[in-house]
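Here the structure is laid out as structure tokens; the discussion comes afterwards.
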Amino acid sequence: MPVLKRPLSAFMLGACLFALSACDSKDDPTPDAGPGVDAGTDAGSDAGSTEQPPPVIPEGHTLLTPSPERQTLAWDGAVKPPRLAFVARSGRHYDFAAEARQQGYVLTLRDAAGVTLDQFDPRPGFPFTWHWSGLTEGAVYTVELSQGPSAAGEAWVFRFLDQGLDDHGDLPLTASPWGALEQPLTGLGEHSGERDVLSFATVADHVYAIDCTFPAQDWQLYFFNLEGANYSVVNSDAFAQTQAATAFKSQGGLHLVSIQDLRPAPSSETYSCVLRDKGLEDHGNLFNTGTQLPQGTTSAQGKLDYIEDVDVFDLGVLPGHFYRASCTLEGPTPCNVHAEHGSDQTDPHPSVTFKAEQSRHFVWAQGDRVVPARWTALPYTLQFEDLGTDDHGDSTYTATPLKGLSQTVQARFFVLNDHDVFSFQTVEGQRYQFSSPWREGQEQVFSFITTEQGSAQVAPRTHVGSNWVQTFTAPATGTYFVEFRAGIEANLGDYTFQFEALTP
């Protein structure tokens, strides 16, 4: 039976809706009944009738009725793409299933007021199914197609199906209100691909958490907003569990949650979810909202309230001192701690060392960003340790001077980006030597010699006995500098070197 016809007359459409069954138009629709009959002479009418007039299909749109049959539309790029319309029944779930098409196109669903409810451009060469529910009884919805100017001459094949009752809407603008928070909400995965979308009002900077129990392991759960931003997505791809939980921090306004049973077949088993307002997060996630800690603070507590949570601390410090910040999370999950201008370290980052340049320094903690199937807030402890002042300068202006003809120097690398600079006086043609114990099985402490202007000097370095030795012949009388760097984490900590002015 053909499904796409010319627009129905008001009389035929009213009869179809009255019978609550699919109805196709005829090629030659019956004319309208003509002028209205006086209510007092119409035996089939009631003087007090409140019957609503039948919905009107917009001009230029073809009425679409649900059917399992495949429909084919010729779509020549030289003509205007087809425009369709259908009359919805409340509580029903509609699938618009398009077969693969080589030419690109965009499908748009709108309500009678012209508000866009759904829009998507499927990937060429692949089929795609739209899921629509939460629609208004007797309302007219339009389906419009658009395509690029180069697409032409390819038929468009689809099916428009009524998949039966749906307990919660699929579309953001037709979402069911959640209702009372803290109260369990139940739902069904009536058929493959459908989802339940529920809306709820939020307070800015509050954390909202949802906890669900599913009858099977195939599910997906996440929050999102009307602008399309998704938060804290969890699903069963990597977790063989029937419990799911996630959380996010709201920027305020209306937000939505998507609950989807991914099983390929419908089920009569229900899922159950509870949504909670967890209140304000405990620490800000920006530099200007970070929690201030006074100088001398040795520890701070907090919790990671949601998966993407970052807790920032504005720590009071002593300029020129090195500090180590360490983070420990309760449970097996690793904690990451970072610091402004902190040292480079391999993942994960349970601690970080930094040199304070001013009286305050930013440190922040976060999780490992591996999304668990069932999120719970993660308490942690931050510890701060003052390692003391830098033992040697790190520039030509703050360099430690080397004195005499021979000197043994003790030094320490606090972090990978820590470097120690020393100055020494030279006489043209004089040789100067630097040596340090050879470190077996690892790279040696890195060293190089420069002028006051930063120009690198030729100074060969060799392995001699138990030391490495670097010899420099001064091309001119003046001040030169030698700089030492760790290079690798294994070289962090104490080191020594010997400085000697060699005889000519």
Side-chain angles (χ1 to χ4, degrees), residues 17 20 22 52 55-58 61 63-66 83-98 106-122 128-145 158-181 183 185-202 208 210 212 219-231 233 250 253-262 266 270-271 273 275:
L17 292 175
L20 292 179
Q52 297 297 317
V56 177
I57 303 303
H61 289 69
L63 180 65
L64 184 64
T65 55
R83 293 186 296 175
L84 313 173
F86 66 96
V87 181
R89 296 175 58 192
S90 177
R92 310 297 291 186
H93 180 112
Y94 297 97
D95 273 3
F96 199 100
V106 178
L107 184 145
T108 303
L109 173 72
R110 293 188 178 93
D111 64 15
V115 175
T116 298
L117 302 179
D118 195 15
Q119 187 176 70
F120 191 74
D121 51 339
F128 191 82
T129 299
W130 287 262
H131 300 274
W132 300 329
S133 65
L135 307 181
T136 302
E137 177 71 31
V140 176
Y141 295 85
T142 61
V143 180
E144 297 187 4
L145 305 172
F158 69 94
R159 290 187 301 160
F160 182 56
L161 304 169
D162 182 342
Q163 296 284 20
L165 293 174
D166 190 13
D167 52 355
H168 302 293
D170 278 68
L171 302 170
L173 292 182
T174 65
S176 304
W178 185 278
L181 301 187
Q183 298 299 316
L185 177 141
T186 60
L188 285 168
E190 287 90 357
H191 82 282
S192 178
E194 76 97 16
R195 65 175 183 169
D196 291 344
V197 177
L198 298 111
S199 64
F200 58 99
T202 68
Y208 293 84
I210 188 172
C212 295
W219 46 262
Q220 185 181 67
L221 178 67
Y222 61 91
F223 295 101
F224 67 106
N225 61 21
L226 291 175
E227 287 71 46
N230 294 343
Y231 309 100
V233 179
S250 173
L254 186 73
H255 278 74
L256 306 104
V257 61
S258 173
I259 305 169
Q260 190 170 23
D261 186 338
L262 300 179
T270 63
Y271 65 80
C273 295
L275 179 64

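In what follows, every heavy atom counts, from backbone to side chain, and hydrogens, waters and symmetry copies are set aside.
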Val140/Val56 under side-chain contact (heavy atoms from CB on, under 4.5 Å): CA gap, chis, key distance, verdict: CA-CA 7 Å; Val140 176; Val56 177; over 6 Å; no
Pair Tyr222 + Phe224: ring centers closer than 6.0 Å: yes
Heavy atoms of other groups near Arg92 CZ, more than 12 under 6.0 Å: yes
Nearest-0.5 Å distance that lies between atom NE2 in His93 and atom CG in Leu135: 9.5 Å
Partner set under side-chain contact (heavy atoms from CB on, under 4.5 Å) for Ala112, not counting sequence neighbours: none
Pair Asp95-His191, side-chain donor/acceptor within less than 3.5 Å: yes
Geometric class of the Trp130/Trp132 ring pair [parallel <30°, tilted 30-60°, perpendicular >60°]: tilted
side-chain contact (heavy atoms from CB on, under 4.5 Å) partners of Leu173, counting only residues at least two apart: Val115, Leu117, Leu226
Thr65 side, atom OG1; Leu84 side, atom CG - distance, nearest 0.5 Å: 11.0 Å
Leu109 side chain reached by Leu171 side chain, heavy atoms, under 4.5 Å: yes
Donor-acceptor contact present, side-chain Gln260 to main-chain Arg195, <3.5 Å: no
Approximate separation, where rounding is to 0.5 Å, of Gln119 CD and Arg110 CZ: 6.5 Å
Asp121 side, atom CG; Leu107 side, atom CG - distance, nearest 0.5 Å: 10.5 Å
Flag side-chain contact, heavy atom, 4.5 Å: Phe200 against Tyr208: yes
Glu190 side chain reached by Gln163 side chain, heavy atoms, under 4.5 Å: no
Heavy-atom pair with the smallest gap, counting every atom of Ser176 and Gly169: OG-N, 3.6 Å
Asp166 and His131, any side-chain heavy atoms less than 4.5 Å apart: no
Distance (rounded to the nearest 0.5 Å) between Leu254 CG and Thr202 OG1: 7.5 Å
Heavy-atom side-chain contact between Tyr141 and Thr136 under 4.5 Å: yes
Heavy-atom side-chain proximity of Ile57 to Val87 below 4.5 angstrom: yes
pair Ile210-Cys212: side-chain heavy atoms closer than 4.5 Å: yes
Minimum heavy-atom distance Thr174-Gly134, with the two atoms named: CB-O, 3.3 Å
Residue from Val143, Thr129, Leu64 passing side-chain contact (heavy atoms from CB on, under 4.5 Å) with Phe158: Leu64
Trace of the ring pair (Phe, Tyr, Trp, His ring centres under 6.0 Å) decision for Phe160 with Phe86: CA-CA 10 Å; Phe160 182 56; Phe86 66 96; 4.9 Å; yes
Pairwise side-chain contact, Leu262 with Gln220, heavy-atom cut-off 4.5 Å (strictly under): yes
Nearest-0.5 Å distance that lies between atom OH in Tyr231 and atom CZ in Phe223: 11.0 Å
